[in-house]
Student: 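Take this structure, written in structure tokens, and hold onto it; I'll ask about it next.
Just so it is clear, the structure is predicted and the values come from calculations on it, not from any experiment.
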Amino acid sequence: MITRYTPIASLTAAIFSFMIFSPASAFEIAQAQETQPEQGQADKKSTEAAISEQKIEAFAVAYLQVDKVRQEYSAKIEATSDEAAKKELETEGSKKMVEAVKASPAISVEEYSAILTAAQSDPAVAKKVQAELQKTAPAQQ
């Protein structure tokens, strides 16, 4: 039963790390890593190859939904001065973000979390995700 919540907890941690950075900032960080010498290129190539185009497309759709929730709850959290209320909003926002991913039929919470982690650590995956986000974002408006 505890393992059931592990992916959700890691997704929540990853999502709230984005509350500090905008989606663009996260990808700028990943792109800045690109200029650094690559270590473990074989591992990164296998990670990149393991993520299908369909999963990246599904991730982009889910990410945009999660980002809407993140923006909504970030504003609510910033507008609140009560620490207990902030914690409650963080918990509520976290649940809503997980629900947004679960509502996406083509990607699981675990896959979303894995792609998010890969995009944060592998500039090639970050580029693919960023390109897909740029294609998907106008379609979502």
Side-chain angles (χ1 to χ4, degrees), residues 1-83 85-141:
M1 193 170 233
I2 293 173
T3 57
R4 180 174 161 231
Y5 296 106
T6 303
I8 294 171
S10 60
L11 172 65
T12 301
I15 289 170
F16 275 107
S17 72
F18 273 113
M19 291 187 84
I20 298 170
F21 302 106
S22 70
S25 297
F27 289 115
E28 289 169 5
I29 291 168
Q31 287 176 339
Q33 291 173 348
E34 201 173 341
T35 59
Q36 298 172 352
E38 295 292 324
Q39 293 181 346
Q41 283 182 332
D43 291 341
K44 289 183 181 182
K45 294 279 189 232
S46 65
T47 301
E48 181 183 347
I51 303 171
S52 71
E53 261 326 292
Q54 292 80 15
K55 290 299 174 186
I56 293 201
E57 289 172 12
F59 172 85
V61 170
Y63 180 85
L64 291 171
Q65 295 305 310
V66 167
D67 192 51
K68 284 180 187 177
V69 174
R70 181 198 60 77
Q71 289 175 7
E72 175 187 342
Y73 278 86
S74 289
K76 288 179 181 180
I77 290 168
E78 284 181 29
T80 304
S81 59
D82 180 34
E83 287 301 316
K86 282 185 180 190
K87 290 286 185 195
E88 189 175 316
L89 285 170
E90 287 175 6
T91 301
E92 185 180 324
S94 173
K95 287 178 185 176
K96 294 280 187 184
M97 289 181 206
V98 171
E99 289 172 15
V101 174
K102 286 182 177 180
S104 298
I107 194 165
S108 69
V109 172
E110 293 83 6
E111 291 168 326
Y112 181 94
S113 183
I115 293 171
L116 182 64
T117 301
Q120 290 173 328
S121 63
D122 185 346
V125 174
K127 275 186 179 180
K128 283 184 173 183
V129 168
Q130 186 176 23
E132 190 59 40
L133 284 169
Q134 289 174 349
K135 285 189 333 192
T136 305
Q140 295 263 325
Q141 293 177 353

Student: Could you tell me the separation between the OH atom of Tyr73 and the CD atom of Glu78, rounded to the nearest 0.5 Å?
Tutor: 15.0 Å
Student: In Å, rounded to the nearest 0.5 Å, how long is the span from CD of Glu83 to CD of Glu90?
Tutor: 8.5 Å
Student: Nearest 0.5 Å, what's the CG-OG distance between Leu116 and Ser121?
Tutor: 9.5 Å
Student: Measuring from atom CD1 of Ile56 to atom CD of Gln130, what distance do you get when rounded to the nearest 0.5 angstrom?
Tutor: 12.0 Å
Student: For Ala119 versus Val129, what's the shortest heavy-atom pair and its separation?
Tutor: CB-CG2, 4.3 Å
Student: What pair of heavy atoms forms the shortest contact from Val125 to Ile115, and how long is it?
Tutor: CG1-O, 4.4 Å
Student: Using a strict cut-off of less than 4.0 Å between a Lys/Arg side-chain nitrogen and an Asp/Glu carboxylate oxygen, indicate whether Glu99 and Lys102 qualify as a salt bridge.
Tutor: no
Student: For residues Ala100 and Gln65, report the shortest heavy-atom separation together with the two atoms involved.
Tutor: CB-CB, 4.2 Å
Student: Quick check for you: to the nearest 0.5 Å, what is the distance between Leu133 atom CG and Asp67 atom CG?
Tutor: 9.0 Å
Student: Can you name the nearest heavy-atom pair linking Val69 to Gly93, along with the distance?
Tutor: CG1-O, 3.8 Å
Student: Name all residues meeting the side-chain contact (heavy atoms from CB on, under 4.5 Å) criterion together with Ala85; count only those two or more places apart in sequence or in a different chain, and write none if there are none.
Tutor: Thr80, Asp82
Student: With rounding to the nearest 0.5 angstrom, report the CZ to CD1 distance, Arg70 to Ile77.
Tutor: 10.5 Å
Student: Tell me, please, which residues at least two apart from Glu88 pass side-chain hydrogen bond (donor to acceptor under 3.5 Å, both in side chains).
Tutor: none
Student: Are the side chains of Glu132 and Phe59 in touch, meaning some heavy atoms are under 4.5 Å apart?
Tutor: no
Student: Report the residues that fulfil side-chain contact (heavy atoms from CB on, under 4.5 Å) with Gln54, sequence neighbours left out, ordered by chain and then residue number.
Tutor: Ser52
Student: So, using side-chain hydrogen bond (donor to acceptor under 3.5 Å, both in side chains) as the criterion, who are the partners of Lys76 when residues are at least two apart?
Tutor: Glu72
Student: For Lys96, does the NZ atom sit with more than 12 other heavy atoms under 6.0 Å from it, leaving out its own atoms?
Tutor: no
Student: How would you list, by chain and number, every residue that makes a side-chain contact (heavy atoms from CB on, under 4.5 Å) with Glu111, sequence neighbours excluded?
Tutor: Lys55, Ile107, Ser108
Student: Could you walk me through whether Tyr112 and Val66 satisfy the side chain to side chain contact (heavy atoms under 4.5 Å, CB included) test, starting with their C-alpha distance in whole Å, then the side-chain angles of each, then the deciding distance to 0.1 Å, before giving a yes or no?
Tutor: CA-CA 11 Å; Tyr112 181 94; Val66 167; 3.7 Å; yes
Student: Do Thr117 side-chain atoms and Ser113 backbone N/O form a donor-acceptor pair below 3.5 Å?
Tutor: yes
